[in-house]
Amino acid sequence: MTDLPILGAALTVDALETHRNLMLDKPRDLELQDFWPAEVLNGDWKPIVEKARKLLDGHQGRVGIHGPFLGFTVDSMDVDVREIVRKRLLQGLEVCEALGGTHMVVHSPYTTWDFNNLDNYENARQRKIELCHLTMSDAVKRAEDIGCELVIENIEDKDPYARIELAESFGSQAVKVSIDTGHAHYAHGTTGAPPVDYYVRAAGNRLRHIHLQDADGYADRHWTLGQGTINWHSVFDALSKLESDPRLIIELRDHSGLPASIANMAALGLAQ
């Protein structure tokens with residue numbers, strides 16, 4: 001990345017309406033976050049997509065969604081639960097296709113407990129990957145068919161490499177890696193994981209998506225960029241070495257902090 005990277009945002013459709021001018025002033029990537037609840041996926045989501053497509057008239061960046069995640073993991077050992085998760089992932093991809101989306105965020109199944117215990121049980125690492133394949137294989141095929149990438153986001157991951165191994169195990173260009181900076185910073189400050197830039201360097205050119213949020217290393221804050229303690233210079237230095245063109249998605253608890261986040265990174269000479 002030679003020029004300053006352009007920051008995008010994770011927004012609801014209503015928040016997109018508020019920040020539409022900002023999202024159209026440059027080719028900013030967008031992640032819509034209306035489509036993860038089961039109630040939405042089981043209902044009539046087409047009017048939300050229609051509204052989004054109208055608001056995106058003139059938008060030049062890439063578009064994707066945050067996929068369903070609440071109430072389940074993609075490595076469930078329960079065969080009936082796996083069937084529900086399979087259904088949810090396919091529902092999310094149906095939304096992606098309707099939007100013309102090119103990515104869907106999927107949450108990593110790796111926990112702090114896993115870090116300490118996967119090697120405490122015979123074949124536990126491989127079994128975890130096998131369970132994810134049982135759950136995700138249909139979604140991976142569907143993503144390939146519609147030109148969408150499933151990007152696996154770190155949640156509790158203490159080991160930056162575990163979900164990279166998971167992503168690569170599918171042998172598919174439709175499964176890539178995501179990083180959430182606040183989650184990585186939490187893991188660093190609270191569980192002894194490496195700092196955020198190490199997660200970027202571990203992913204390398206397998207990184208296709210990043211949630212940018214600031215935090216304090218204690219909790220999942222989703223603060224305006226510049227308000228926490230993440231070393232943004234080290235993060236963007238690591239990003240500058242990549243050729244994979246990851247979507248740089250600002251994901252905040254309060255969407256009103258989006259302009260300030262962009263301005264703060266611009267003031268540091270890191271992004272625009």
Is the count of non-hydrogen atoms from other residues, nucleotides or ligands lying under 6.0 Å from Gln173 atom CD greater than 12?
no
Between Trp232 and Asn264, a side-chain donor and acceptor under 3.5 Å
no
Taken to the nearest 0.5 Å, the spacing of His19 NE2 from Ser256 OG works out to 6.5 Å
Find out whether Leu207 and Leu242 are in side-chain contact, i.e. whether some heavy atom of one side chain is under 4.5 Å from a heavy atom of the other.
yes
Do His185 and Thr229 have a side chain donor and acceptor closer than 3.5 Å?
yes
Main-chain N/O of Gly228 paired to Arg221 side chain as donor or acceptor, under 3.5 Å
no
Which of Trp36, Phe69, Phe72 passes ring pair (Phe, Tyr, Trp, His ring centres under 6.0 Å) with His107? Answer is Phe69
For Val196, does its backbone N or O pair with a side-chain atom of Arg201 as donor and acceptor, under 3.5 Å?
no
In Å and rounded to the nearest 0.5 Å, what is the CD to CG distance from Glu165 to Asp159?
9.0 Å
Between Glu156 (side chain only) and Thr111 (backbone N and O only), is there a donor and an acceptor less than 3.5 Å apart?
no
Within this structure, what is the CD-CG distance for the pair Glu94 and Leu89, rounded to the nearest 0.5 Å?
13.0 Å
Is a side-chain donor or acceptor of His188 paired with a backbone partner of Ala193 at a separation under 3.5 angstrom?
yes
Check: Trp113 main-chain N/O paired with Asn117 side-chain donor or acceptor under 3.5 Å
yes
Stepwise salt bridge (charged side-chain N to carboxylate O under 4.0 Å, His left out) test for Arg20 and Glu17
CA-CA 5 Å; Arg20 184 174 184 271; Glu17 190 167 18; over 6 Å; no
Could you check Ile6 against Leu248 for side-chain contact (heavy atoms from CB on, under 4.5 Å), going step by step and ending with a plain yes or no?
CA-CA 7 Å; Ile6 297 172; Leu248 305 180; over 6 Å; no
Between Ser108 and Glu153, do the side chains contain an N or O donor and an N or O acceptor separated by less than 3.5 Å?
no
Measure centre to centre between the rings of Phe35 and His66, then say whether the value is under 6.0 Å.
no
I'd like to check Leu56 versus Leu16 (side-chain heavy atoms, cut-off strictly below 4.5 Å). Are they in contact?
yes
Minimum side-chain heavy-atom gap Leu30-Met23 below 4.5 Å:
yes
Using a strict 4.0 Å threshold on nitrogen-to-oxygen distance, state whether Asp237 and Lys241 make a salt bridge.
yes
Derivation and outcome, side-chain contact (heavy atoms from CB on, under 4.5 Å), residues His222 and Asp180
CA-CA 10 Å; His222 290 271; Asp180 185 297; 4.0 Å; yes
Just by distance, with hydrogens left out, do Asn42 and Gln91 show a side-chain donor and acceptor under 3.5 Å apart?
yes
Check: Ala98 main-chain N/O paired with Arg53 side-chain donor or acceptor under 3.5 Å
yes
If we only count heavy atoms from C-beta on, is the Val200 to Ile179 side-chain gap below 4.5 Å?
yes
CZ-CD1 distance between Arg28 and Ile249, expressed to the nearest 0.5 angstrom:
11.0 Å
For the side chain of Asp214 and the backbone of Trp223, is there at least one donor-acceptor N/O pair under 3.5 Å apart?
no
Under 3.5 Å side-chain donor-acceptor pair for Thr73 and Asp75:
yes
Classify the side-chain pair Thr12/Asp14 by whether it contains a donor and acceptor separated by less than 3.5 Å.
no
Distance under 6.0 Å and angle within 45° of the ring axis: does Lys158 meet both against Tyr110?
no
When you check the gap from the basic side-chain N to the acidic O, do Arg142 and Glu97 get nearer than 4.0 Å?
yes
How far apart are the C-alpha atoms of Ile65 and Gln33, what are their side-chain angles, what is the distance that settles it, and do they pass the side-chain contact (heavy atoms from CB on, under 4.5 Å) test?
CA-CA 6 Å; Ile65 71 167; Gln33 298 202 317; over 6 Å; no
Could you check if a side-chain atom of Ser76 sits within less than 4.5 angstrom of a side-chain atom of Leu131, using non-hydrogen atoms only?
no
Nearest-0.5 Å distance, CG of residue Leu252 to CG of residue Leu225:
6.0 Å
side-chain contact (heavy atoms from CB on, under 4.5 Å) partner of His209, the single match among Glu149, Glu31, Lys176:
Glu31
When you compare the side chain of Val177 with that of Val151, does any pair of heavy atoms fall below 4.5 Å?
no
Is it true that Ile250 and Val105 fall in one hydrophobic cluster, defined by side-chain heavy atoms closer than 4.5 Å?
no
Exercise: do Asp220 and His183 side chains pair donor with acceptor under 3.5 Å:
yes
Nearest 0.5 Å, what's the CG-CG distance between Asp34 and Leu32?
6.0 Å
Answer yes if the side chains of Thr102 and Arg247 hold a donor-acceptor pair under 3.5 Å, and no otherwise.
yes
Check ion pair Asp145-Lys141 (N to O, under 4.0 angstrom)
yes
Ignoring hydrogens and geometry beyond distance, is a side-chain donor-acceptor pair present between His59 and Asp57 at under 3.5 Å?
no
Trace of the side-chain contact (heavy atoms from CB on, under 4.5 Å) decision for Arg208 with Asp245:
CA-CA 6 Å; Arg208 290 284 286 161; Asp245 191 24; 4.1 Å; yes
When you measure from the side chain of Thr135 to the backbone N and O of Val85, does any donor-acceptor pair fall under 3.5 Å?
no
With a 4.0 Å cut-off on N to O distance, would you call Glu50 and Lys46 a salt bridge?
no
Contact between Leu41 and Pro68 at the side-chain level, heavy atoms closer than 4.5 Å - yes or no?
yes
Between Tyr218 and Tyr186 the two heavy atoms that sit nearest each other are O-CD1, 3.5 Å
Side-chain donor/acceptor of Arg163 to backbone N/O of Ile152, under 3.5 Å
yes
Does some side-chain heavy atom of Leu212 sit less than 4.5 Å from a side-chain heavy atom of Glu251?
no
Please answer whether the main-chain N or O of Asp197 pairs with a side-chain N or O of Ser234 as donor and acceptor at a distance below 3.5 Å.
no
